[in-house]
Every structure is written in structure tokens, then in C-alpha cells.
Engineer: 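Below is one structure. I have some questions about it.
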Amino acid sequence: MDTKRSGAVIRRGRPAGPRTIGLVCAVAAAGALLSGCGDSGKDTGSPDKSAGPSRAMPATAPASPTGSLNADQAQRKALVPKAKVDYGQALKAAIAAVPSSEAIAAELKGTPTGPYWDTAVATTDGAAYAVRVDAVSGKAQKPQPQSDDPDDKQQLAARLAKATVTAQQAAQTATEKTKGTVTTIELGDADHGNDTVAWTVGVVTPDDWNETTYEIDATNRKVLWMNVDQD
């Protein structure tokens, strides 16, 4: 069920993500890194009659940070600290590799021994490029051109023209609400399906290694929805 708080929709479960065009799909495919999971409560059975009165636990009590981590949390814990280059530095390197380009996506991938940023940038005419950036050295590899389909390029060019909020501004909006590390950011169409262009930002919190995802209007920085993954 979706609920509303201060105008933003708060969702429980996995995020739907933005409706992106095919040329960005290779960059935006998240895999296990970008999906977060939470632990469900367990029935402890009947209390010992010899003990004192039982105390009910709050229904929304968070999982203990010192408890065992699930597979996704453990993967984030192993990978995120190994990235010495953050999303902003990775995007800066990617933009430098493609003159007159703008950032459209970045995602932290790889292994603890070889982390990297899978980034995407585009020029104003909608030509998109994938650029892999080493998450330790910050070195960008050779840009790889993406779709040459005229419709894809036209759609991306229109999206870039509408977006007045930068990737850095969208990330700042998200991290002001959830303190943590940005591990994914992507420009796409808003989830509710109209012509709104929006940034999707994933923030990993180091106290529990969960991820909170925000969809942020790319014209006014308004939070359209946030997702707390409890699956």
C-alpha cells in the first residue's frame, strides 16, 4: 500500500524505477547491488509463565544493525566501502571523456577487489555514451556509443531539455533526507507515466546496509516518491 507524507508517496517493497528508453538500459540494469531487503519478524511462541509479564514489540521495530545481514546487505557492505571514487567524481570523469555531454546515469558495480562505476552521458542531440570509470583510480575507459535509433535520440534530447535539476542536485536532495552513499542515479521518465522527467536516486546507509530509493522531479527537486525496501 502506498502512503503519503509531506506530499511524497512512500512505498513499501521494491521500486518500479523510471521508464527509461532502451539506450540507457545497459547502464540502469541494477542486479543484486541495487535491490535492498529487510528481515521479517518471527513468532516467538508462548511466553514462559514463570517470567514476568510479556512486553509487545513494536510492529515497525527496525532490524538490529548488529544482527545477521542478508545477501544483498552483505554485498553492499563488501562493495560500497571499496569505492574510493564517488558518483559525482565518476560522472565528472565520464563527462570529460565525452565533450559537451551531460550526465544521465551512474551505478556502482563490480566486486570488492574491482569496483567500478557504470555511467552514461549524452549530448544535447540525444547521442548517448556508456563510460566505465574505475571506482578506485577514477580513470575513465573509452566511451562506448549507444543507440543510434532516431526515436531514442529524440526522446533523450527532449528529456535533457526538460531537466533543469542536475544529478548532483538530485543526489543532494536524496542525501539530505537519508544520510548515506549514493550508489545509483538515473535520469528517466517519472513513474506515474506522464511527461514529467525525474531522477531516481539510490542511497545506501552504512548502519544497516539497506537502500532507500527516491524519485525526484528533475524540474523542481520535489520528491515524487520514496521506497523503503522491506522484501
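Just the heavy atoms: all of them, side chains too, but no hydrogens, waters or symmetry mates, feed the values below.
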Engineer: Side chain to side chain contact (heavy atoms under 4.5 Å, CB included) with Arg159: which of Asp189, Asp195, Ile104?
Structural biologist: Asp189
Engineer: Have Arg132 and Gln144 got a donor and an acceptor in their side chains that come within less than 3.5 Å?
Structural biologist: no
Engineer: Report yes or no: does Trp117 contribute a side-chain atom to a donor-acceptor pair with the main-chain N or O of Val85 at less than 3.5 Å?
Structural biologist: yes
Engineer: CG/Leu224 to CD1/Ile216 distance, rounded to the nearest 0.5 angstrom?
Structural biologist: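 Interatomic distance, Leu224 CG to Ile216 CD1, rounded to 0.5 Å: 8.5 Å.
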Engineer: Heavy atoms only: give me the nearest Val223-Lys177 pair and the separation to one decimal.
Structural biologist: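 Residues Val223 and Lys177, closest heavy atoms: CG2-CE, 3.4 Å.
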Engineer: Begin with the C-alpha distance, continue with both residues' side-chain angles, and end with the deciding distance and a verdict on side-chain contact (heavy atoms from CB on, under 4.5 Å) for Lys77 and Gln73.
Structural biologist: CA-CA 6 Å; Lys77 183 178 180 179; Gln73 292 167 332; over 6 Å; no
Engineer: Among the clusters formed by ILVMFWY side chains lying less than 4.5 Å apart, do Leu91 and Tyr116 turn up in the same one?
Structural biologist: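 No, because Leu91 and Tyr116 fall into different hydrophobic clusters, even though each may have its own neighbours under 4.5 Å.
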Engineer: According to side chain to side chain contact (heavy atoms under 4.5 Å, CB included), who are the partners of Thr166, at least two apart in sequence or on a separate chain?
Structural biologist: Gln168, Gln169
Engineer: So which heavy atom on Thr205 is nearest to which on Thr178, and how close?
Structural biologist: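 Residues Thr205 and Thr178, closest heavy atoms: CG2-CG2, 3.5 Å.
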Engineer: Would Leu79 and Val201 show up in the same hydrophobic cluster when neighbours are defined by side-chain heavy atoms closer than 4.5 Å?
Structural biologist: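 Same cluster.
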Engineer: Measuring from atom CG of Leu156 to atom OG1 of Thr124, what distance do you get when rounded to the nearest 0.5 angstrom?
Structural biologist: 10.0 Å
Engineer: Mind checking side chain to side chain contact (heavy atoms under 4.5 Å, CB included) for Pro145 and listing every partner two or more places apart, or none if nothing turns up?
Structural biologist: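 Only Tyr129 meet the side chain to side chain contact (heavy atoms under 4.5 Å, CB included) criterion with Pro145.
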Engineer: Would you please name every residue forming a side-chain hydrogen bond (donor to acceptor under 3.5 Å, both in side chains) with Asp86, sequence neighbours left out?
Structural biologist: none
Engineer: First locate atom CE of Met226, then atom OG1 of Thr213, and finally report the distance between them rounded to the nearest 0.5 Å.
Structural biologist: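 Spacing of CE (Met226) from OG1 (Thr213) equals 9.0 Å.
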Engineer: So which heavy atom on Arg221 is nearest to which on Thr173, and how close?
Structural biologist: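 It is NE-OG1, 3.0 Å.
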Engineer: Calculate, to the nearest 0.5 Å, the distance between atoms CG and OG1 belonging to Asn220 and Thr164 respectively.
Structural biologist: 7.5 Å
Engineer: Keeping the roles fixed (side chain from Gln89, backbone from Gly138), state whether a donor-acceptor pair exists under 3.5 Å.
Structural biologist: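 Not a single qualifying donor-acceptor pair exists.
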Engineer: Can you give each donor-acceptor pair under 3.5 Å made by side-chain atoms of residues 92-101, sequence neighbours left out, with the distance rounded to 0.1 Å?
Structural biologist:
from: Ser101; atom 1: OG; to: Val98; atom 2: O; distance (Å): 2.6

Engineer: Output the distance between atom CD (Gln141) and atom OG1 (Thr119), rounded to the nearest 0.5 Å.
Structural biologist: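 Answer rounded to 0.5 Å: 10.0 Å.
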Engineer: How close do Gly180 and Pro206 get, heavy atom to heavy atom, and via which atoms?
Structural biologist: CA-CD, 4.2 Å
Engineer: Could you tell me which non-hydrogen atom of Lys82 sits nearest to which non-hydrogen atom of Val136, and how far apart they are?
Structural biologist: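 Minimum heavy-atom separation between Lys82 and Val136: O-CG2, 3.8 Å.
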Engineer: With sequence neighbours excluded, what pairs up with Thr111 under the side-chain hydrogen bond (donor to acceptor under 3.5 Å, both in side chains) test?
Structural biologist: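 Thr111: side-chain hydrogen bond (donor to acceptor under 3.5 Å, both in side chains) contacts with Thr113.
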Engineer: Identify the two heavy atoms, one from Trp209 and one from Leu69, that lie closest to each other, and give their separation to 0.1 Å.
Structural biologist: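 Closest pair (atom of Trp209, atom of Leu69, distance): CD1-CD1, 4.2 Å.
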Engineer: Any chance you could lay out the side-chain contact (heavy atoms from CB on, under 4.5 Å) test for Glu107 and Glu186, step after step, and finish with the verdict?
Structural biologist: CA-CA 8 Å; Glu107 179 184 347; Glu186 179 188 0; over 6 Å; no
Engineer: With sequence neighbours excluded, tell me which residues meet side chain to side chain contact (heavy atoms under 4.5 Å, CB included) with Ala218.
Structural biologist: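 Checked Ala218 against side chain to side chain contact (heavy atoms under 4.5 Å, CB included); matches are Ala163, Leu187, Val197, Trp199.
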Engineer: Rounded at 0.5 Å granularity, tell me how far CD in Glu211 sits from CG in Asp72.
Structural biologist: 9.5 Å
